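Quick caveat: nothing in here was measured; it's all calculated off a predicted structure. By convention in this document, chain letters (A, B, ...) are assigned in the order of the sequence lines, proteins followed by strands, and residues within each chain are numbered from 1.
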Protein chains: 2
Amino acid sequence: MTPKYKVDHTGCPIAFAAEAFGDKWTLLILREVLLFKKKHFDELLSMREGIASNILASRLKGMEASGLLVKQEDPANGRRVIYSPTEKALDLLPACVELILWASKHDPETGVPADMLARIRRNRAKAIREMRAPFD
Amino acid sequence: MTPKYKVDHTGCPIAFAAEAFGDKWTLLILREVLLFKKKHFDELLSMREGIASNILASRLKGMEASGLLVKQEDPANGRRVIYSPTEKALDLLPACVELILWASKHDPETGVPADMLARIRRNRAKAIREMRAPFD
DNA sequence: CTGGATCCCAATAGATACTG
DNA sequence: CAGTATCTATTGGGATCCAG
C-alpha cells in the first residue's frame, strides 16, 4: 500500500509538508519530475540513487493520492504511462529553490554551477518561472 | 543508531536535503526547534504528533551528526541539556517559509492566520529575520 | 518492451518499560 | 530530565515474475 504517515497534520503546515514528502524518496522523485522533466516509470527507475521498482510504484501511487502527480496515458503511445506534476507539485518549486541554495551553501560536494546560483539569488521569481515554463 | 540514508547525494543539492531531513520526524523536530523555540528533550517529546522517546533520541543524534543541532549543557542547570539550531539549521528558515506558504495554499486544514501569511508574502526576508532573531 | 506486482529477508520504526 | 533496553510490527529493498 501507499506509505502511511500517522502524523496528524491538522493545522500545521510543516506537518502537512512532512506528510507529503517526509520520506527518503518522494523528494527525489519530485526532483526528477520537476527539475529533470522525467515522465515515465523507467526513467524514474533509473535515477542515480537507485530506487527499487516496488518502492517507486508505491511512491508514485502515494503521490497520486496526495495530489502531487497525475497519471495519464501517453497520447503518442497508448501503452505508455505519463506522470506529470500537478499545480500542487509545481507550487513546490520555490521551496525546492531554497533547498538548492541551502544545500549549495552547506554541502561542499554539491555541483551546482556558481553562475546558476547567482542567477537564482538575483531573481528567484524569474528562476522559478523558467523552471515552470515547460509545464505550462 | 542514527538513521542511515544510503542515497548518495554527491553533487545533488536536493538529495543532500533529502538525506538531512528526508524522514517523517526530522522536519517536525526542526519545526519545534526553529519555530517554537524548544530546547529540551522533554519539550520535544511532547510535540503534538507524539514521537517515541527512542526515536527522538535517535533523530537528535542524527541531527547533531549532520550539523543541524548542537547539544550543550544548560548553564543554569548542569543536569539539563539544551539543543540549539546551528547556522545550517537556521539557514533552512527560507525553505520552511516556502513550505508554510505552500501548505497554506494546498491544505484546507492549515490554521495559519491569513494576516500572518500576508505579512510573510509581503516581505519574506523580514519575516525570516524575525524568526531568526531569537537565536542571534 | 513498459509498468508494475509478488516474495522474501533485512533493516527500521515504534510502543512501552526501565534507568542514571 | 534525558535518555536506553527490549521486543514486535512495519517498511525497505533486491530479485523475480507477470500483464498489456
A.B. asks: Base, sugar-phosphate, or nothing for B/N77, non-hydrogen atoms under 4.0 angstrom?
C.D. replies: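 Nothing, no nucleic acid heavy atom in range.
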A.B. asks: Has B/H40 got a side-chain atom pairing as donor or acceptor with B/V81's backbone, closer than 3.5 angstrom?
C.D. replies: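 Yes; at least one donor-acceptor contact below 3.5 Å.
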A.B. asks: Within this structure, what is the CG-to-C1' distance between B/D23 and C/dA11, rounded to whole angstrom?
C.D. replies: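 Answer to the nearest Å: 15 Å.
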A.B. asks: In whole Å, I'd like the distance from the CD atom of A/E73 to the P atom of C/dC1.
C.D. replies: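 Taking CD of A/E73 and P of C/dC1, I get 20 Å after rounding.
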A.B. asks: Within less than 4.0 Å of OP1 or OP2 of D/dA2, is there a side-chain N or O belonging to B/H40?
C.D. replies: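 Affirmative; the distance criterion is met.
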A.B. asks: Name all residues meeting the salt bridge (charged side-chain N to carboxylate O under 4.0 Å, His left out) criterion together with A/E73; count only those two or more places apart in sequence or in a different chain, and write none if there are none.
C.D. replies: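 Partners of A/E73 under the salt bridge (charged side-chain N to carboxylate O under 4.0 Å, His left out) test: none.
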A.B. asks: For C/dG14, take OP1 and OP2 only and decide whether either is under 4.0 Å from a side-chain N or O of B/W25.
C.D. replies: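 Indeed, a polar side-chain atom of B/W25 lies that close.
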A.B. asks: Among D/dA5, D/dG3, C/dT6, find the nucleotide with the atom closest to the side chain of B/N54.
C.D. replies: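 Closest nucleotide to the B/N54 side chain: D/dA5.
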A.B. asks: With respect to the side chain of B/K24, which nucleotide from D/dA2, D/dG14, C/dG14 is positioned closest?
C.D. replies: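 Nearest nucleotide to the side chain: C/dG14.
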A.B. asks: Please state how far atom CG in B/L56 lies from atom P in C/dG14, giving the value in whole angstrom units.
C.D. replies: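 That distance rounds to 12 Å.
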A.B. asks: Quick one: B/D42 CG to D/dC1 C1', roughly how many Å, whole number?
C.D. replies: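 From B/D42 CG to D/dC1 C1': 6 Å.
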A.B. asks: Identify which nucleotide among D/dG13, D/dA2, D/dT4 has an atom closest to any side-chain atom of B/V81, counting heavy atoms from C-beta outward.
C.D. replies: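 Closest nucleotide to the B/V81 side chain: D/dA2.
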A.B. asks: Any side-chain N or O of A/Y83 under 4.0 Å from OP1/OP2 of C/dG4?
C.D. replies: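 Looking at the OP1 and OP2 atoms of C/dG4, one of them is under 4.0 Å from a side-chain N or O of A/Y83.
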A.B. asks: Output yes when B/K24 and A/E19 qualify as a salt bridge under the 4.0 Å nitrogen-oxygen rule, no when they do not.
C.D. replies: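 A salt bridge is absent here (no side-chain N lies under 4.0 Å from a carboxylate O).
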A.B. asks: Check whether any side-chain nitrogen or oxygen of A/R79 sits under 4.0 Å from OP1 or OP2 of C/dC1, and answer yes or no.
C.D. replies: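 For C/dC1, neither OP1 nor OP2 has a side-chain N or O of A/R79 closer than 4.0 Å.
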A.B. asks: Are any side-chain N or O atoms of B/W102 and backbone N or O atoms of A/K88, one a donor and one an acceptor, separated by less than 3.5 Å?
C.D. replies: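 Yes; at least one donor-acceptor contact below 3.5 Å.
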A.B. asks: Taking five pairs at each end, how big is the angle between the two axes of the helix from C/dC1-D/dG20 to C/dG20-D/dC1, to 10°?
C.D. replies: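 Answer rounded to 10°: the end axes differ by 40°.
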A.B. asks: If we check side chain to side chain donor-acceptor pair (under 3.5 Å) with A/E32, which of these qualifies: A/K37, A/K38, A/K39?
C.D. replies: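 It is A/K38, the one option of A/K37, A/K38, A/K39 that forms the side chain to side chain donor-acceptor pair (under 3.5 Å) with A/E32.
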A.B. asks: Between C/dG14, D/dC1, D/dG13, which nucleotide has the shortest distance from any of its atoms to the side chain of B/I55?
C.D. replies: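 In terms of side-chain proximity for B/I55, the closest of C/dG14, D/dC1, D/dG13 is C/dG14.
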A.B. asks: Taking OP1 and OP2 of D/dG20, is either one under 4.0 Å from a side-chain nitrogen or oxygen of A/R80?
C.D. replies: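 For A/R80, the contact criterion (side-chain N or O under 4.0 Å from OP1 or OP2 of D/dG20) is not met.
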A.B. asks: Look at B/D115 together with B/R122 and state whether they make a salt bridge at an N to O cut-off of under 4.0 Å.
C.D. replies: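 Here B/D115 does not pair with B/R122 in a salt bridge, since their nearest N and O are not under 4.0 Å apart.
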A.B. asks: What is the distance, to the nearest angstrom, from the CZ atom on A/R59 to the P atom on C/dA5?
C.D. replies: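 Distance check: A/R59 CZ to C/dA5 P gives 14 Å.
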A.B. asks: Over how many whole Å does the gap from B/L69 atom CG to D/dG3 atom P extend?
C.D. replies: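 Distance check: B/L69 CG to D/dG3 P gives 12 Å.
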A.B. asks: Is it true that B/D107 and B/T110 share a donor-acceptor pair across their side chains at a distance under 3.5 Å?
C.D. replies: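 No, no side-chain donor-acceptor contact under 3.5 Å.
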A.B. asks: So which nucleotide from D/dA2, D/dG3, C/dA5 ends up closest to the side chain of B/K71?
C.D. replies: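 Out of D/dA2, D/dG3, C/dA5, the nucleotide with an atom closest to B/K71's side chain is D/dG3.
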A.B. asks: Rounded to whole Å, how long is the line connecting atom CG of B/L44 with atom C1' of D/dG3?
C.D. replies: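 In whole Å, D/dG3 C1' and B/L44 CG are 13 Å from each other.
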A.B. asks: Taking all atoms of both residues into account, what is the closest heavy-atom pair of B/L28 and A/A15, and its distance?
C.D. replies: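 Here B/L28 and A/A15 meet closest at CD2-CA, 3.7 Å.
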A.B. asks: Quick one: does A/S53 reach the base of C/dA5 with a side-chain donor-acceptor pair under 3.5 Å?
C.D. replies: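 Yes, a donor-acceptor pair under 3.5 Å.
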A.B. asks: Measure CD1/B/I51 against P/C/dT12 and give the value in whole Å, please.
C.D. replies: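 For the pair B/I51 CD1 and C/dT12 P, the rounded distance is 17 Å.
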